[in-house]
Asker: 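Got a structure for you, questions after.
This chain uses plain numbering: 1 for the first residue, then up along the sequence.
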Amino acid sequence: MSSKREAQQLRTAVHVNFAGTNPVLVRRLFSSRVLKELGSGELPKELVIVLRSLDGTGQLAEGMTLSDLYESAFKFCLKNQRVEYFYKNAIVQKLVLGRHSLSTATACLEVRIAEAKLDVLLAREYLSAYEIKTDYDELARLPTQLNSYQKACRQVSVVTSERYAPIVERLIGPEIGLLVLTGRYQLRVIRPAETFDSLLSHTDMLALLRRKDLLDLLCKLGRDGERIPNTKIYQEALSASLAMDPVAINAFVAKRLLARSAPKKALVSGLPASLAASALAQDLTGVQIARLIDLFEMDVTRGGRCELSSLFSW
């Protein structure tokens, strides 16, 4: 655990009353766009409005940091509007950071697989899918979505609410895992996912790779891909890999996704735990990562002083 994360946990809990603040704007603070804007040196309008509202009602205690504000906003949203992001963050916190580390596991968010978009793709020794169904979601497409994910993932699970769990269980196959996000923000396993490889598709697994990954796969298969036009690399890699065991392809893709997330370790460990999922969704430069980590240690009150305070000159 990083020294900054330890300091955050030891810090006295800061309570902020968001009752007079637009709850939709508070929720939007956790969007990937807001985090990206902060990393780029921009001040998101949602954050400006929330800060002004809190300042107007005397909720910005002296010395409050941006990290303090986010942790308090996260607790507020968990009680009042438990939307998809908070499920995603639970998966990252409990299943990636809690059981493993970013050296041995990672999560990719909003990943296109076949005809569906997966909420969370976990890469460890192999690929696992986690589809989220909150109380605000419809379930009609769930069976079709799960079938799509089985084309690229060896295990597939649904994460849902206590209320939805019995309904979801009736809709899913026996090999599909089922987890519930409890009121105490824990992931309770109703039933574990079973490994199911019969639907694995070379086409859909290789679609998760980038050009360099495909070139490395061709090299692994004894083919020189450097002279192949970019428009044909995917098709060449697919053709060359068809003789490979799909489980081996799955392991190759998982290893590549894990390596791709390595630069994000510093960002995830340097930000509050409430932003773990949003941090993994970022594709930032080293400078942007350093800026974000510094920003979250900033005093956000009007009297706060730090070298980056001009960003909050509202």
Asker: Check whether N147 reaches the backbone of P143 with its side chain - one donor and one acceptor, N or O, closer than 3.5 Å.
Answerer: no
Asker: Does any N or O in the side chain of H202 come within less than 3.5 Å of the main-chain N or O of S239, such that one atom is a donor and the other an acceptor?
Answerer: no
Asker: CG of L238 to NZ of K232: how many Å apart, nearest 0.5 Å?
Answerer: 15.0 Å
Asker: Check the pair K133, V159 against side chain to side chain contact (heavy atoms under 4.5 Å, CB included), reporting the backbone distance first and the verdict last.
Answerer: CA-CA 6 Å; K133 292 300 178 186; V159 184; over 6 Å; no
Asker: Would you give the length of the straight line joining atom CG of L171 to atom OH of Y164, rounded to the nearest 0.5 angstrom?
Answerer: 10.5 Å
Asker: If you round to the nearest 0.5 Å, how far is CG of L178 from CD1 of I190?
Answerer: 5.5 Å
Asker: Give a yes or no on whether a salt bridge exists between D216 and K212, defined as a side-chain N under 4.0 angstrom from a carboxylate O.
Answerer: yes
Asker: Taking the side chain as everything from C-beta on, heavy atoms only, tell me whether V253 gets closer than 4.5 Å to L209.
Answerer: yes
Asker: Just grab all the salt bridge (Lys or Arg N to Asp or Glu O under 4.0 Å) pairs involving residues 169-186, residues at least two apart or on different chains.
Answerer: E169-R191
Asker: Distance check, rounded to the nearest 0.5 Å: K117 atom NZ versus S148 atom OG?
Answerer: 13.5 Å
Asker: Under the side chain to side chain contact (heavy atoms under 4.5 Å, CB included) rule, what do T134 and V83 come out as? Steps first, then yes or no, please.
Answerer: CA-CA 7 Å; T134 74; V83 294; 5.7 Å; no
Asker: Take a 6.0 Å sphere around CD of E115 and say whether it holds more than 12 heavy atoms from other residues, nucleotides or ligands.
Answerer: no
Asker: Name the one of D213, T106, D283 that satisfies side chain to side chain donor-acceptor pair (under 3.5 Å) with R260?
Answerer: D213
Asker: Does K75 come within less than 4.0 Å of E71, counting only side-chain N to carboxylate O?
Answerer: no
Asker: Listed by chain and number, what are the side-chain hydrogen bond (donor to acceptor under 3.5 Å, both in side chains) partners of D135, not counting sequence neighbours?
Answerer: S161
Asker: Distance from I91 atom CD1 to S128 atom OG, nearest 0.5 Å?
Answerer: 11.0 Å
Asker: Consider only side-chain heavy atoms of I, L, V, M, F, W and Y, link residues closer than 4.5 Å, and tell whether L214 and M244 are in one cluster.
Answerer: yes
Asker: Does a donor on one side chain sit under 3.5 Å from an acceptor on the other, for Q155 and T195?
Answerer: yes
Asker: Going by heavy atoms in the side chains, are L47 and L38 under 4.5 Å from each other?
Answerer: yes
Asker: Got more than 12 heavy atoms from elsewhere within 6.0 Å of NZ, K94?
Answerer: yes
Asker: Between K265 and S103, do the side chains contain a donor N or O and an acceptor N or O under 3.5 Å apart?
Answerer: yes
Asker: Using the rule ring-ring contact (aromatic ring centres under 6.0 Å, His included), only one of F76, F30, Y136, Y185 pairs with F86; which is it?
Answerer: F30
Asker: Rounded to the nearest 0.5 Å, how far does OG of S261 lie from CG of L267?
Answerer: 12.0 Å
Asker: Check whether V300 and L43 end up in the same hydrophobic cluster, where Ile, Leu, Val, Met, Phe, Trp and Tyr are linked by side-chain heavy atoms less than 4.5 Å apart.
Answerer: yes
Asker: Please report the C-alpha distance between L258 and R124 in whole Å, then the side-chain angles of each, then the deciding distance to 0.1 Å, and finally whether the side chain to side chain contact (heavy atoms under 4.5 Å, CB included) criterion is met.
Answerer: CA-CA 7 Å; L258 184 58; R124 296 186 287 255; over 6 Å; no
Asker: Could you state whether L54 and Y70 fall into the same hydrophobic cluster, counting links through intermediate Ile, Leu, Val, Met, Phe, Trp or Tyr residues with side-chain heavy atoms under 4.5 angstrom apart?
Answerer: yes
Asker: Is a salt bridge present between E46 and R33, judged by a nitrogen-to-oxygen distance below 4.0 Å?
Answerer: yes
Asker: Could you tell me if the side chain of L280 sits less than 4.5 Å from the side chain of L102, heavy atoms only?
Answerer: yes
Asker: N17 side chain to Q59 main-chain N or O, any donor-acceptor pair under 3.5 Å?
Answerer: no
Asker: Closer than 3.5 angstrom, by distance alone: can the side chain of Y130 be matched with the main-chain N or O of K88 as a donor-acceptor pair?
Answerer: no
Asker: Without swapping roles, check the side chain of S269 against the backbone of A266 for a donor-acceptor pair under 3.5 Å.
Answerer: yes
Asker: Side-chain contact, heavy-atom cut-off 4.5 Å: N22 with V50?
Answerer: no
Asker: Quick one, T65 and D299 - any side-chain contact, counting heavy atoms below 4.5 Å?
Answerer: no
Asker: Do T285 and I289 make a side-chain contact, defined as non-hydrogen atoms from C-beta onward lying under 4.5 Å apart?
Answerer: no
Asker: Applying side chain to side chain contact (heavy atoms under 4.5 Å, CB included), run through R188 and E162 and close with a yes or a no.
Answerer: CA-CA 10 Å; R188 178 163 57 86; E162 298 273 9; 2.7 Å; yes
Asker: Would you call V156 and E131 a side-chain contact if the rule is heavy atoms closer than 4.5 Å?
Answerer: no
Asker: Using only atom types and a distance under 3.5 Å, with no angle test, would you say the side chain of Q150 pairs donor to acceptor with the backbone of F196?
Answerer: no
Asker: Please report the shortest heavy-atom distance between P272 and F296, naming the atom on each side.
Answerer: CD-CD2, 3.8 Å
Asker: Taking the side chain as C-beta and beyond, is there a heavy-atom pair between L208 and L127 under 4.5 Å?
Answerer: yes
Asker: In terms of side-chain heavy atoms, does S40 have a donor or acceptor partner in Q288 at a distance below 3.5 Å?
Answerer: yes
Asker: Which heavy atom of L271 sits nearest to which heavy atom of L35, and what is that distance?
Answerer: CD1-CD2, 4.1 Å
Asker: Does R112 have more than 12 heavy atoms from other residues, nucleotides or ligands lying within 6.0 Å of its CZ?
Answerer: yes
